[in-house]
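A note on names: the letters A, B, ... follow the listed sequences, proteins ahead of strands, and every chain is numbered from 1.
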Number of protein chains: 2
Amino acid sequence: MTASIKDVAALAGVSIATVSRTLNTPDRVSPATRDTVRQAVATLGFRLSRIGQQLRGDRSRLIGVMLPSIASPVFAECVEGIEAAATAAGYQILLMSTAYDGVREQAALDTLLRQRVDGLILTVAHAHEHPLLDELERTGAPYVLVYNQCPHRPCVSVDNRGAARDGVAALITAGYRRIVMLSGAMAASDRAWQRYLGYGDALAAAGLVATPALEVDFNSVTLPAVVLAALTDPETRPDALFCGNDRLAMLVMRQLQQAGLALPRDIAILGFDGLDVGTLMSPVLASVCQPNARLGAMAMQSLDLAIRDDAAPVSRILPHSLRLGGSAAPVRFRPD
Amino acid sequence: MTASIKDVAALAGVSIATVSRTLNTPDRVSPATRDTVRQAVATLGFRLSRIGQQLRGDRSRLIGVMLPSIASPVFAECVEGIEAAATAAGYQILLMSTAYDGVREQAALDTLLRQRVDGLILTVAHAHEHPLLDELERTGAPYVLVYNQCPHRPCVSVDNRGAARDGVAALITAGYRRIVMLSGAMAASDRAWQRYLGYGDALAAAGLVATPALEVDFNSVTLPAVVLAALTDPETRPDALFCGNDRLAMLVMRQLQQAGLALPRDIAILGFDGLDVGTLMSPVLASVCQPNARLGAMAMQSLDLAIRDDAAPVSRILPHSLRLGGSAAPVRFRPD
DNA sequence: CCGTTTGATGGAAACGTTTACATTCTGCCT
DNA sequence: AGGCAGAATGTAAACGTTTCCATCAAACGG
């Protein structure tokens, strides 16, 4: 049994009110009593219980964080940003992962709401028309989406379509013409589709022809043989490959290199996410970079503001950037 | 204001006890009342507050997790394991990162203990003689270390020394002779030293000579010029390089490749951690693999058992494995 | 020397639950 | 019919805080 404020009061020979004051507003207690109480606190190793405080009606200072995965570097970096901002603002985070699974999402939401979190940060597969989010709005708990981008809800993200457009435009500037997109299943997340639209925008602006995206299972550890064949056959293979995320890009880089292709000479690769670990590849993975940690931090800040002002959190679009060169460096002598 | 059990009771026209029973032990309530209460619960969107329950003296079902970093894949994978096991056992995790900084560690510990976590999972720089851990033991809160390996405390880890020995022995078996170790600062973590000892063991067993480890700053994004020079100069460079962790190994792989060396022909690389992302490199990063997610899950399970039996958590050494080939494949034609 | 301010402290209520105990009612057994 | 078991429900205390209000003593002004 951990000591309670009563034990401290008893040991110090004062009332619990005085103990509370000593700990919260020491200047409202006489120096002598203050010392006695502090002595008792030290003896017992006492710490005020947040549970008691929460019950009293204070905010819980807990933020629920609900993400599809934790080990994925994208989300890991994001959580790091959230955690830093949360600590700075005096919150703690309750972390739950969902694998985009509706049942787990529902369970996580229930648990978090029962814990009376002050707010939630989450990423879902499709932000419009997600039953969970509607339920969440009904409860009135403030929440912000990260990575999702949806006009009707508070979101913190990059401009997925614009970012993809910029990245593919850079490929075109670098001299690539036959550009194909490799994506996780479009149905799996709304971002995939937005990025494909951006890809189309860039090609259209350059008068080039867009092709349907090659869709692969997001978690696969190898590329389907047919996809690999399409990418390696010297007759049919594209100039450049735009990958919907960095993990896919790294996967494809390794498989193409093992198939004997030289990157970016035989084929250029551009990823999306800007993962740190991409800079450890050789060639360095070119990528459309999202500021993952900042996305998380910004979501947390937006949420904090909303909590304090009792208002709806505001959406934010953070700037993306391009990491060029490396796997998408311009190639001078390209036979046409 | 979220509804409380009183609101439900009022709406349903029953006492709060009946509401509580309806929610916790529905069979002890008459079907008619049960329906009325459930109706009221639904109308108000009511969920029992964990705060009230915790206050009542139940366990908080919260586990504090305190790690040096979240974005590092090693810890990210570990957190994923912890979270899965925690959810399975009915806990939630409160995540805090410390960067091995004593001040942050102390602050995190205070916050977590005030939240009355049922137990803690943590990683520190040096497990023996860490003031925080002594304080923690005084509080009586159950805790388990992950990654740390220390005879006097509950730890879940691999056998760092043995694992390093096995890895380096495999390099020797593959034909490498002049093997050097590259490590993060030994002072930064106890594991670094343990791994260096394992390196020494393997060399000694083969009658080879160990050299002092090359120490570099763990977070650096490039290798110091002098280290790079030592590794690239054809006169002085070693056969094989054993890196204290995978991040370092990937860093060095890229820099050596950019310097024009062929891996593993000119120099073999062996990492430590077994990060998934290493398999995306080319050549695939050979590594001494820790089961990161399982380490986390096992720590959580051990903690859960300890909490339930009100006993001290038990230490566990999990088996390591080797991922060979790739950057440490045997080289047949090596000029001597 | 009295009345009033000021400062220090204590008493008690409130927050949201669970649960032991008390109460009421139904229906069964003899 | 009377008594009693058993089911259904209510009452109230307890958990650990904060804080309003009351109390009390000392200090101070007149």
Can you tell me which nucleotide in [options] comes closest to the side chain of [X]?
X       : options                : answer
A/Ile5  : C/dT18, D/dT17, D/dT9  : D/dT17
A/Ala17 : C/dC15, C/dT17, C/dG11 : C/dG11
A/Leu48 : C/dA8, D/dT17, C/dT17  : D/dT17
B/Arg56 : D/dG10, C/dA12, D/dA14 : D/dA14
A/Arg21 : D/dG10, C/dA12, D/dC20 : D/dC20

- Message: Expressed as a whole number of angstroms, how long is the span from B/Gln53:CD to D/dA14:C1'?
- Response: 15 Å
- Quickly work out the A/Arg28 CZ to C/dT9 C1' distance and round it to whole Å. 11 Å
- Report which part of the nucleic acid B/Ile51 touches: base, sugar-phosphate, or nothing (heavy-atom distance under 4.0 Å, all strands).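 Result for B/Ile51 = nothing.
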- Check A/Ile5 against A/Ile16 and note the closest heavy-atom contact, atom names and distance. CD1-O, 3.7 Å
Ignoring backbone atoms, test whether [X] places a side-chain nitrogen or oxygen under 4.0 Å from the OP1 or OP2 oxygen of [N].
X        : N      : result
B/Ser30  : D/dT9  : yes
B/Ser49  : C/dC15 : no
A/Lys6   : D/dT17 : no
A/Arg116 : C/dT17 : yes
A/Ser4   : D/dC15 : no
B/Ser20  : C/dT18 : yes
A/Ser15  : C/dG10 : yes
A/Thr18  : C/dG10 : yes

- Do B/Asn292 and B/Tyr147 get their side chains close enough for a donor-acceptor pair, meaning under 3.5 Å? yes
- With nearest nucleotides of DNA chain D determined for B/Ile16 and B/Ala32 from heavy-atom distances, which residue corresponds to the more 5′ nucleotide?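 Counting from the 5' end, the first nearest nucleotide belongs to B/Ala32.
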- Query: Would one find more than 12 heavy atoms of other residues, nucleotides or ligands at under 6.0 Å from atom CG of A/Asp134?
  - Reply: yes
- Query: Does a side-chain heavy-atom distance below 4.5 Å link B/Gln92 with A/Leu112?
  - Reply: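 Yes, side chains in contact.
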- Evaluate the side-chain contact (heavy atoms from CB on, under 4.5 Å) criterion for residues B/Leu67 and B/Leu122: first the C-alpha distance (whole Å), next the side-chain angles of each, then the deciding distance (0.1 Å), finally the verdict. CA-CA 6 Å; B/Leu67 298 171; B/Leu122 25 67; 5.8 Å; no
